[in-house]
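A quick write-up on the structure given underneath.
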Amino acid sequence: MRRVARLILHRLAASVPCLAIILVVLFLLLRLAPGDAVDALLAQMGSGDGALDKLLRDHYGLHGSTTTQLLAYLARLLRLDLGVSVQYAQPVLDVILSRLPLTVLLMVSALSLSFFLGSVVGIVAARRAGQWPDTLISTLGLLFYATPSFWFGLMGILLFSVKLSVLPSGGIEDLAAGYTGWRRVLDIAVHMVLPTLTLALIYFAVYLRVMRASMLEVLTVDFVRTARAKGATESVVLVRHVLRNALLPLITILGLQAGSMLGGAVVVESVFSLPGLGRLALDAVSGRDLNMLLGIVLMSAGLVIAINLTVDLLYAKLDPRITAG
Amino acid sequence: MDTFSPDRRTALIGGAALAAGPLLPRTAFAQGEPRRGGTLVAQTYSDLRILNPAIRTSFAIHVFTSKMVEPLVDLAPNGEPAPRLATSWSWSPDARTIMFKLREGVLWHDGKPFTSADVQFCAMEMWRKFQNFGTQLHRNLVGVDTPDPLTAVFRYSEPMPRGLFLRALAELGQVVPRHVYQGTDILNNPANLAPVGTGPFKFVSYTPGQHLVMERNPNYWMAGFPYLDRLVIRVIPDGAATAAALESGDIMMSLFSSLPRTELVRLAKDKRFRVGTRGNEGNPLFNTIGFNTRKKELADVRVRRAFAHAIDLESYAKRFDYGYSQPAQGPWPANTPFFQAGVPSYAFDPKKAEVLLDQAGFPRGADGVRMRLRIMPNTSESIRQLAVYVQQSMQKVGVRMENVVLDAPGYNKNVNREWDFDVATDTGTFRGDPAVGSTIWYRSGIAPGTPWSNQFGWKNEELDKLADAAAVESNFDKRKAMYNRIAVIANTEIPVWMALEQRMVSAVNARVRNDHNMPRWPASSWHDVWIAA
């Protein structure tokens with residue numbers, strides 16, 4: 001237990017300077033881009049005048065040098081205040097919290113689906129290495145990996161929504177029907193099918209390939225021969241000896257991909273018009289909504305840190321030789 | 001809620017069958033008696049994340065709010081001012097005092113009565129202080145008197161032209177309740193995201209950037225309306241996603257040309273949908289090509305005219321806009337009372353363009369290039385396409401242009417705020433009357449930082465005087481004569497060229513009825529819309 005606590009503390013301490021650097025660099029990058037949040041607001045309005053321009057800049061505190069603004073932001077952050085979004089005219093935290101559940105739902109379901117399917121299919125491919133099922137699986141995997149996700153999304157909409165009318169074309173729920181209770185949960189689940197599949201397909205291919213390679217490697221190691229020699233059945237050998245060892249690289253990739261998934265989510269959220277963090281981040285950039293963007297980065301960095309921590313803990317569980325280090 | 005179609009996928013199939021109706025002899029069935037109930041889901045591509053039209057006005061806001069919050073004056077199907085919250089109006093002989101009689105028995109959605117005090121509060125505390133265009137329109141507003149709860153008297157220090165004011169009120173005259181806003185921080189009032197109005201639909205929920213849900217107002221003052229139970233406006237920025245949603249029946253209409261031209265052309269051939277510009281006549285817009293006359297090359301009117309001669313807009317409108325745009329004739333759109341045929345125009349003639357450029361003192365150099373300029377398009381896809389067309393057309397007459405593509409804030413800063421551009425292609429909206437948002441494109445002395453005004457560093461004293469005089473001229477014929485003259489000057493000098501005139505295109509599921517039946521329909525109340533079985 002103490003070992004675990006130390007690991008967590010150690011990781012959290014290491015993430016603080018990392019977060020600070022990310023925030024400062026992002027702040028400067030967005031300040032380097034031409035125009036500010038009020039320019040974006042006026043552009044959306046399609047009109048305005050000098051007085052409104054000044055009124056809004058005063059209102060959102062956009063005067064002052066980059067350094068003063070950065071220091072003011074960091075000072076607010078220390079008080080756990082993420083500030084107000086110019087685009088939404090609401091506290092950043094409120095907007096992010098309203099969007100977070102969807103992104104987490106999308107990420108978790110896509111990650112688990114691709115992890116599970118990728119592992120299973122990878123094992124099958126490894127068992128039949130060099131035979132036709134392996135060739136078929138590997139070719140399909142490569143195809144999925146090489147295809148851009150938005151194309152899958154659009155083709156999915158075209159087939160299942162426009163042609164077959166079995167799945168909705170986008171959105172998080174059927175607003176027209178106004179469902180409540182379990183009917184609403186079911187409705188949301190139905191709306192998540194295509195986005196989850198789209199996001200999961202690419203990662204599926206990665207897991208499949210890593211799992212296959214990893215299995216093939218472990219199958220040749222001495223302890224597998226020992227296990228077979230002592231008379232363990234094939235399934236026991238596979239599950240208790242090979243799989244447990246082959247999972248390690250897979251878990252590593254899981255941790256890495258959790259971070260990159262937010263990027264994938266931007267595309268999927270756009271194609272399926274879903275109200276998630278990815279789209280919010282994209283809008284924050286094009287709206288020069290500094291508070292909002294930094295808030296999202298903080299939040300997703302937190303998510304990534306948490307996931308990687310979990311991965312580290314899983315390592316220790318799978319392989320007792322690994323310690324907090 | 002959805003009383004007529006428990007399963008909308010089944011309903012869609014039914015809709016597809018019915019859409020063939022107009023081809024059959026029994027078309028009366030399709031028109032028929034209005035049907036009550038049902039939900040309409042409409043799509044638009046952007047959302048300003050604020051729902052108070054009394055402080056922030058734009059078509060992108062009105063499409064959300066006009067169902068809940070009503071203006072004093074509306075536009076009738078023929079485009080003439082029509083009563084809404086005001087039932088009648090009268091002008092004093094000096095045109096400085098305007099009296100509105102207000103509708104009796106109108107209730108706010110929270111049950112309190114609507115009175116002249118609400119009108120007074122909006123005019124003095126919101127329109128005049130915060131509202132874009134409103135600050136300009138009401139700059140001479142001295143006060144609003146409320147002799148009784150159903151009379152509001154506006155007093156101005158300068159004459160207020162009748163046509164200008166009434167037309168402007170359809171866009172700028174939305175009334176929100178005083179009791180919700182009085183004594184609060186107006187810009188941060190929560191009702192800005194959850195409006196209380198008098199309209200046919202009541203606010204239910206709003207997720208900024210995503211969707212707005214409304215339900216019928218059972219106490220609406222127009223008895224028997226609205227027909228729909230529920231109304232949803234969804235924000236889908238992606239054109240392909242919008243087309244899929246329309247085809248799958250997830251949305252029943254797509255507004256404001258959200259769909260790519262190619263999709264519009266495809267859907268227009270599909271019997272399940274109606275595609276067209278009808279109902280968008282009140283929202284005409286221009287594709288503009290603006291010249292920074294502070295640059296020595298562009299200060300010469302011959303160079304600007306060379307641009308006009310070198311670009312084949314006729315062909316562009318046909319090939320790239322699929323006929324949804326046409327070459328414009330001056331700064332006032334066709335079908336508006338100010339339109340004037342016969343303003344100076346520029347036929348496509350690249351040879352003449354070359355002669356003009358030679359005369360202006362810009363001969364082709366050894367590499368065949370006369371001058372190098374930058375062109376900056378705004379963020380719209382079609383405007384960016386136009387910029388490329390301008391670039392390629394000018395290349396042929398020896399003007400080498402670099403296409404500088406920025407996002408919205410970058411464009412606004414470079415072009416509108418800091419005037420750091422050579423040529424800019426943009427969108428110009430005509431807002432009912434030249435005095436509301438059009439003459440500021442030409443008038444000199446506009447405060448720096450005012451977007452979509454005279455960014456071009458151009459000054460013409462005659463036009464300045466005409467623009468000021470016309471804004472306070474109460475005789476319509478005299479006003480029109482002044483605007484004719486402005487149109488002639490504008491098209492002779494072309495500091496900014498109103499190149500193409502566009503209409504917004506809507507795509508609608510054929511089951512929807514009574515839609516697009518007035519000139520600014522997407523921004524109207526939708527009280528009479530219904531959905532056929």
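Below, each value reflects all heavy atoms present in this structure, side chains not excepted, and no hydrogens, waters or symmetry copies.
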For the CG atom of B/Leu231 and the CZ atom of B/Phe201, what is their distance to the nearest 0.5 Å?
5.0 Å
Looking just at side-chain N and O atoms, do A/Ser85 and A/Asp289 make a donor-acceptor pair shorter than 3.5 Å?
yes
Cation-pi check, B/Arg49 onto A/Tyr88 ring (under 6.0 Å, within 45° of axis)
yes
So which of A/Gly287, A/Ser270, A/Ser286 has the largest heavy-atom pair count under 4.5 angstrom toward chain B?
A/Ser286
Which pair of non-hydrogen atoms, one from A/Val267 and one from A/Ser149, has the smallest distance, and what is that distance?
CG1-OG, 3.8 Å
Looking at A/Gly171, A/Pro34, A/Ser273, which makes the most heavy-atom pairs under 4.5 Å with chain B?
A/Pro34
Tell me, for B/Leu193 versus chain A, whether the close heavy atoms (under 4.5 Å) come from the side chain, the backbone, both or neither.
side chain
B/Gln43: which of B/Ile236, B/Leu259, B/Val63 passes side chain to side chain contact (heavy atoms under 4.5 Å, CB included):
B/Ile236
What part of B/Asn192 gets closer than 4.5 Å to chain A, counting heavy atoms only: side chain, backbone, both or neither?
neither
Just one of B/Thr427, B/Asp426, B/Asn412, B/Asn416 clears the side-chain hydrogen bond (donor to acceptor under 3.5 Å, both in side chains) bar with B/Trp452, so which one?
B/Asp426
I'd like to know whether OH of A/Tyr145 has more than 12 heavy-atom contacts from other residues, nucleotides or ligands below 6.0 angstrom.
no
Return the option, out of B/Leu406, B/Asn188, B/Val213, with the maximum number of heavy-atom pairs under 4.5 Å with chain A.
B/Asn188
Among the listed options A/Ala33, A/Gly170, A/Pro275, the residue most often paired with chain B at heavy-atom distances under 4.5 Å
A/Pro275
Output the option from B/Ala241, B/Pro208, B/Ala408 having the highest count of non-hydrogen pairs under 4.5 Å with chain A.
B/Pro208
Spell out, as yes or no, whether a donor-acceptor pair under 3.5 Å connects the side chain of A/Asn291 to the backbone of A/Val84.
yes
If I measure from the heavy atoms of chain A, does B/Tyr411 come under 4.5 Å with its side chain, its backbone, both, or neither?
neither
Considering only heavy atoms, which portion of B/Leu40 lies under 4.5 Å from any heavy atom of chain A: side chain, backbone, both, or neither?
neither
Under 4.5 Å to a heavy atom of chain B? For A/Leu280 that would be neither
Part of A/Leu154 within contact of chain B (heavy atom distance under 4.5 Å)
side chain
Interchain contact, B/Pro237 with chain A, by part (heavy-atom threshold 4.5 Å)
side chain
